[in-house]
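Presented below is the structure to which this report refers.
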Amino acid sequence: MKKLSRKQIAAMLMALVMVLSLAACGGSSGGSAGSSGGDSGASSGSSDSGSGSGAGTATPAPAPTTDFPTKGISVICPWGAGGGTDACLRALCEAMGKDLGQTLTVDNRTGGGGIIGHQAIADAGTDGYTIGMITFELATYKPLGTNELTWEDYDLLCRVNTDAATVTVNTEWAKANNITDLQSYVDYCLAHPGDVQMGGAGNASVWHVAGGYLMNETGIDIQMITYEEGAATAVQNAASGFIQGVTVSLAEARNFIESGHLICLGVMSEDRNPVFPDVPTCKEQGYDVQYFTQRGMACAKGTDPAVLEVLRDACAKAVEDPDFVTFMDNNGQTIAYLDADEYAAYMEQNAVDVASAMEALGLLA
């Protein structure tokens, strides 16, 4: 074998060093790729690739984060200050603020039967600094032909609250006609089609549409009397005997039920109301009619996913906050949390059900 010169040996050693360096770089790149893949969802993969790096000291890249929020958040309420939605929202904002470390300020945008506020939420920026509370009435705008907004125009955060409708009637009228439960009420209505007058609130309001749900499920024909000034007047008229009953929530009829002027025959919910544990649900009595006003949190469509995650997590924690729970109990409002995916499924079905009930009332555009 030909003897190699010192220069040739040096050149060979240099080439070997370069090959080894390239191999080491290739191994390091492979480790980084593994860490990157872990960030996209496989946290266990991230840990494995980090421990398998050549030097043994590399750490996996952190998952994508956001510093949101760095300032206060504006929260739109489509209804006036002092109402049920406003009260629920203000308490929720207090609870969310504890987790987010920022102040959430309620901005009441009223008018148009809630349309102005709902539109403002849909038109807000996508940075998460303007969010809002959407309510039952959102499902009525398109069927009524008053606005094209639907739940699909938002990125949903969660459902917060529901208050079930009821079948609540004048006590003296019920006694005079041997009505003691939901079945005897249905039997009477079937025997007297169109005679029984039930009150709700304004035209196409949540409690007006409740009458449509009741008719659809039971096959009865009743007159739904509307009260543009709200449910309070309907309840007073039912208690006084001007109409036979109402389809409002227990919270709104509570005083007259406790005074004995009204009797609740059934609650349109899955479970009994803890304030009135002796009042059965409609479902228990053979009529699976579940209907309630609902309130949830949402923001503009297209909001940054990282921001959505922060807001959704804050909502989930807020509904379990002891101060919020106490407030809702004292205010007679039911916490009925659904996460974003569950809320979307609920809203999709709710849109169908509300339109059907509105058709029964002759409210479709």
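In this chain, numbering begins with 1 at the start of the sequence shown.
- A 4.5 Å side-chain heavy-atom check between Gln223 and Met198 finds every atom pair outside the cut-off.
- When ring centroids are compared, His208 and Tyr227 stay outside the 6.0 Å threshold.
- Ser269 contributes a side-chain N or O that, together with a main-chain N or O of Asp271, makes up a donor-acceptor pair within less than 3.5 Å.
- Here His192 contributes atom NE2 and Asp187 contributes atom CG; the two are 11.5 Å apart, rounded to the nearest 0.5 Å.
- For the residue pair Trp79 / Thr135, a side-chain donor-acceptor distance below 3.5 Å is found, with atom types taken as modelled.
- In summary, the aromatic rings of Tyr287 and Tyr213 are positioned with their centroids too far apart to meet the 6.0 Å limit.
- The ring of Tyr129 has its center closer than 6.0 angstrom to the ring center of Phe68.
- Leu214 has its side chain within reach of Ile220: a pair of non-hydrogen atoms, C-beta onward, lies under 4.5 Å apart.
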Could you check Asp329 against Thr326 for side-chain hydrogen bond (donor to acceptor under 3.5 Å, both in side chains), going step by step and ending with a plain yes or no? CA-CA 5 Å; Asp329 286 343; Thr326 298; 5.8 Å; no
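- Arg254 and Glu258 are joined by a salt bridge, as a carboxylate oxygen and a charged side-chain nitrogen come within less than 4.0 angstrom of each other.
- Inter-residue side-chain proximity for Phe327 and Gln333 is flagged as met; some heavy-atom pair is nearer than 4.5 Å.
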Please lay out, stage by stage, how Gln285 and Gln183 fare under the test side-chain hydrogen bond (donor to acceptor under 3.5 Å, both in side chains). CA-CA 7 Å; Gln285 301 178 77; Gln183 186 59 59; over 6 Å; no
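- Ionic pairing of Asp323 and Lys98 is present here: one or more N-O contacts between side-chain nitrogen and carboxylate oxygen are shorter than 4.0 angstrom.
- Counting only N and O atoms by type, the side chains of Thr70 and Asp67 include no donor and acceptor under 3.5 Å apart.
- One distance of note links CG of Leu250 with CE of Met268; it measures 11.0 Å at 0.5 Å rounding.
- Of the listed residues (Thr247, Ile243, Val209, Leu363), just one forms a side-chain contact (heavy atoms from CB on, under 4.5 Å) with Met224, and that residue is Thr247.
- A 4.5 Å side-chain heavy-atom check between Thr130 and Ile76 finds at least one atom pair inside the cut-off.
- No path of Ile, Leu, Val, Met, Phe, Trp and Tyr side chains, each step under 4.5 Å between heavy atoms, connects Val275 with Ile335, placing them in separate hydrophobic clusters.
- Proximity of Ile121 to Ile131: side-chain heavy atoms (C-beta onward) are nowhere separated by under 4.5 Å.
- Side-chain contact check for Met297 versus Leu311: every heavy-atom pair is 4.5 Å or farther apart.
- Contact of the Tyr343 side chain with the Glu348 side chain is not registered, since no non-hydrogen atoms from C-beta on lie closer than 4.5 Å.
- Put simply, the side chain of Thr162 never gets that close to the backbone of Thr293: no donor and acceptor are under 3.5 Å apart.
- Within the model, atoms CE of Met328 and SG of Cys88 stand 4.0 Å from one another, a figure rounded to the nearest 0.5 Å.
- Aromatic rings of Trp207 and Phe292 (six-membered ring for Trp) have centroids beyond the 6.0 Å cut-off, not under it.
- Connection of Leu190 to Met215 is established within a shared hydrophobic cluster, with ILVMFWY side chains joined at heavy-atom distances below 4.5 Å, either directly or through further cluster members.
- The main-chain N or O of Gly302 is found under 3.5 Å from a side-chain atom of Asp155 such that the two form a donor-acceptor pair.
- Expressed to the nearest 0.5 Å, how far OG1 of Thr140 lies from NZ of Lys142 amounts to 13.0 Å.
- Here CG of Asn273 is found 5.5 Å from OG1 of Thr334. Values are rounded to the nearest 0.5 Å.
- A salt bridge links Arg272 with Glu284: the closest approach of a Lys/Arg side-chain nitrogen to an acidic carboxylate oxygen falls below 4.0 angstrom.
- Environment of NZ in Lys175: sparse, with no more than 12 heavy atoms of neighbouring residues, nucleotides or ligands closer than 6.0 Å.
- Contact of the Phe136 side chain with the Val354 side chain is registered, since non-hydrogen atoms from C-beta on lie closer than 4.5 Å.
- With values rounded to the nearest 0.5 angstrom, Asp153 atom CG is found 8.0 Å from Leu138 atom CG.
- Judged by distance alone, with hydrogens and angles left aside, the side-chain atoms of Thr218 form no donor-acceptor pair with the main-chain N or O of Val186 at under 3.5 Å.
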Chi angles and distances behind the side-chain hydrogen bond (donor to acceptor under 3.5 Å, both in side chains) call for Glu252, Ser249: CA-CA 5 Å; Glu252 286 161 314; Ser249 70; 2.9 Å; yes
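- Hydrophobic clustering (side-chain heavy atoms under 4.5 Å, transitive across Ile, Leu, Val, Met, Phe, Trp, Tyr) groups Leu156 together with Leu338.
- A salt bridge links Lys317 with Asp313: the closest approach of a Lys/Arg side-chain nitrogen to an acidic carboxylate oxygen falls below 4.0 angstrom.
- Checked by atom type and distance alone, the side chain of Tyr154 pairs as donor or acceptor with a backbone atom of His118 at under 3.5 Å.
- A salt bridge does not link Arg159 with Glu342: none of the charged nitrogens is closer than 4.0 Å to a carboxylate oxygen.
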